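Following: one structure in structure tokens, then a few remarks.
The analysis underlying the following values was restricted to heavy atoms, covering all of them including side chains, and did not include hydrogens, waters or symmetry mates. Remember, it's a predicted structure, so these values are computed and weren't measured experimentally.
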Amino acid sequence: MRAIFINAVDQKVEEIQIENELHAFYERIGCDMIQCIDVGESHLLVCDEEGRLRNWKVGFRWPGSEGIAGNALLVCVDKNDDFTDAKAPRILIERNIKFLDLEKTPLPPPAFGCAFIPDLTPESIEAARAEAMHDLLRKRGC
């Protein structure tokens with residue numbers, strides 16, 4: 001499968017072929033658990049779920065994010081939510097990320113907002129999501 005490997009260790013963005021198996025993702029990224037971040041147009045950024053909790057010395061800033069600790073893969077998902085070939089050109093990714101030295105400039109600690117969900121109706125969930133975002137922004141001093 002075609003993927004874009006964001007190699008924060010060597011500060012390179014590479015087009016690679018990778019086996020569409022979880023163990024291959026773990027090995028390439030250098031982690032034990034992955035997190036998938038929807039970055040639009042059916043693309044997912046697959047990164048280390050525990051990246052901020054581990055001792056990564058490097059990372060990168062994805063547009064609109066505070067930063068990602070460690071390496072990552074960019075892949076696509078199909079209509080069944082299965083991983084498939086990345087469609088984005090490597091050069092587009094390379095031009096839009098910034099590699100980070102996390103020893104010089106550490107990422108902020110993980111943050112979360114809290115909210116009570118009285119029931120699982122779509123309205124209650126949406127209200128709780130808004131309340132949690134408000135709580136998160138308040139904690140960050142925004």
Side-chain angles (χ1 to χ4, degrees), residues 1-118 120 122-142:
M1 170 176 74
R2 178 185 183 270
I4 305 295
F5 178 48
I6 302 171
N7 183 342
V9 174
D10 296 331
Q11 295 191 352
K12 297 191 301 189
V13 177
E14 307 166 283
E15 181 177 319
I16 64 166
Q17 290 294 318
I18 189 167
E19 186 180 1
N20 192 355
E21 296 287 335
L22 196 52
H23 69 86
F25 282 50
Y26 289 153
E27 186 177 317
R28 178 60 75 150
I29 294 168
C31 66
D32 299 317
M33 189 182 311
I34 60 169
Q35 175 180 5
C36 297
I37 302 169
D38 183 350
V39 294
E41 299 297 320
S42 299
H43 280 83
L44 293 178
L45 187 65
V46 183
C47 57
D48 185 351
E49 169 77 26
E50 302 171 317
R52 288 188 181 203
L53 304 175
R54 296 184 44 202
N55 196 23
W56 281 106
K57 299 191 181 338
V58 293
F60 63 95
R61 182 163 292 118
W62 184 267
S65 77
E66 294 176 329
I68 307 289
N71 302 318
L73 291 164
L74 184 72
V75 298
C76 277
V77 289
D78 62 19
K79 64 183 179 209
N80 298 318
D81 288 332
D82 294 323
F83 293 147
T84 187
D85 292 333
K87 307 289 187 261
R90 178 198 56 81
I91 194 71
L92 178 66
I93 307 309
E94 187 173 66
R95 288 181 178 165
N96 285 288
I97 66 164
K98 178 183 177 203
F99 289 107
L100 304 171
D101 179 339
L102 300 179
E103 289 184 305
K104 290 181 181 172
T105 311
L107 295 174
F112 58 91
C114 294
F116 174 72
I117 303 175
L120 295 179
E123 296 79 18
S124 291
I125 292 170
E126 192 56 40
R129 181 178 290 126
E131 185 179 334
M133 182 58 73
H134 177 74
D135 184 48
L136 173 63
L137 294 174
R138 184 183 52 76
K139 288 176 182 175
R140 289 183 173 168
C142 298

Next on the checklist: If we ignore hydrogens and angles and just use 3.5 Å, is the side chain of D78 paired with the main-chain N or O of N80 as donor and acceptor?
Outcome noted: yes
Checklist entry - Are the side chains of Y26 and I34 in touch, meaning some heavy atoms are under 4.5 Å apart? => result yes
Item to check | Nearest non-hydrogen partners of I125 and I117, listed with the distance | outcome: CG1-CG2, 4.4 Å
Item to check | K87, NZ atom: more than 12 neighbouring heavy atoms under 6.0 Å | outcome: yes
Checklist entry - Got a second to check how far I97's CD1 is from S65's OG, nearest 0.5 Å? => result 10.0 Å
Next on the checklist: Tell me which one of L73, I93, L74 satisfies side-chain contact (heavy atoms from CB on, under 4.5 Å) with F5.
Outcome noted: L73
Enumerate, atom names and distances included, each donor-acceptor pair closer than 3.5 Å involving a side-chain atom of residues 104-115, sequence neighbours excluded.
none

Item to check | R61 (side chain) donor-acceptor with E66 (main chain) under 3.5 angstrom | outcome: yes
Checklist entry - To the nearest 0.5 Å, what is the distance between CE (M33) and CD (E50)? => result 4.0 Å
Checklist entry - Atom CD1 in I6, atom CH2 in W62: separation rounded to 0.5 Å? => result 5.0 Å
Checklist outcome for this item: Tightest non-hydrogen contact, residues A8 and N71, listed as N-OD1, 2.8 Å
Item to check | E94 CD: over 12 foreign heavy atoms closer than 6.0 Å | outcome: yes
Checklist entry - Got R138 and D135 here, is their nearest side-chain heavy-atom distance under 4.5 Å? => result yes
Next on the checklist: Taking side-chain contact (heavy atoms from CB on, under 4.5 Å) as the criterion, tell me which of V75, V46, L45 meets it with C36.
Outcome noted: V46
Next on the checklist: For a quick test of reading the model, state the closest non-hydrogen atom pair linking I4 to A88 and the distance between them.
Outcome noted: CD1-O, 3.9 Å
Checklist entry - Looking at CZ of F60 and CD of Q11, how far apart are the two atoms once the value is rounded to the nearest 0.5 Å? => result 12.5 Å
Item to check | Contact summary for L100 and G67, nearest pair of heavy atoms | outcome: CD1-CA, 4.3 Å
Next on the checklist: To the nearest 0.5 Å, what is the distance between CD on E15 and CD1 on I91?
Outcome noted: 11.5 Å
Determine all donor-acceptor pairs shorter than 3.5 Å in which one atom belongs to a side chain in residues 16-25; sequence neighbours excluded.
{"unit_1": "Q17", "atom_1": "OE1", "unit_2": "M1", "atom_2": "N", "d": "3.4"}
{"unit_1": "N20", "atom_1": "ND2", "unit_2": "F83", "atom_2": "O", "d": "3.0"}

Next on the checklist: Can you confirm whether E14 sits close enough to N7 that some side-chain heavy atom of one is under 4.5 Å from a side-chain heavy atom of the other?
Outcome noted: yes
Checklist entry - Looking only at heavy atoms, what is the nearest atom pair of W56 and G51, with distance? => result CD1-O, 3.4 Å
Checklist outcome for this item: Nearest heavy-atom contact between D38 and H43 is OD1-O, 3.6 Å
Checklist entry - Considering only heavy atoms from C-beta outward, does the side chain of E126 approach that of E123 to under 4.5 Å? => result no
Checklist outcome for this item: Separation between CG (D82) and SG (C76), nearest 0.5 Å, reads 12.5 Å
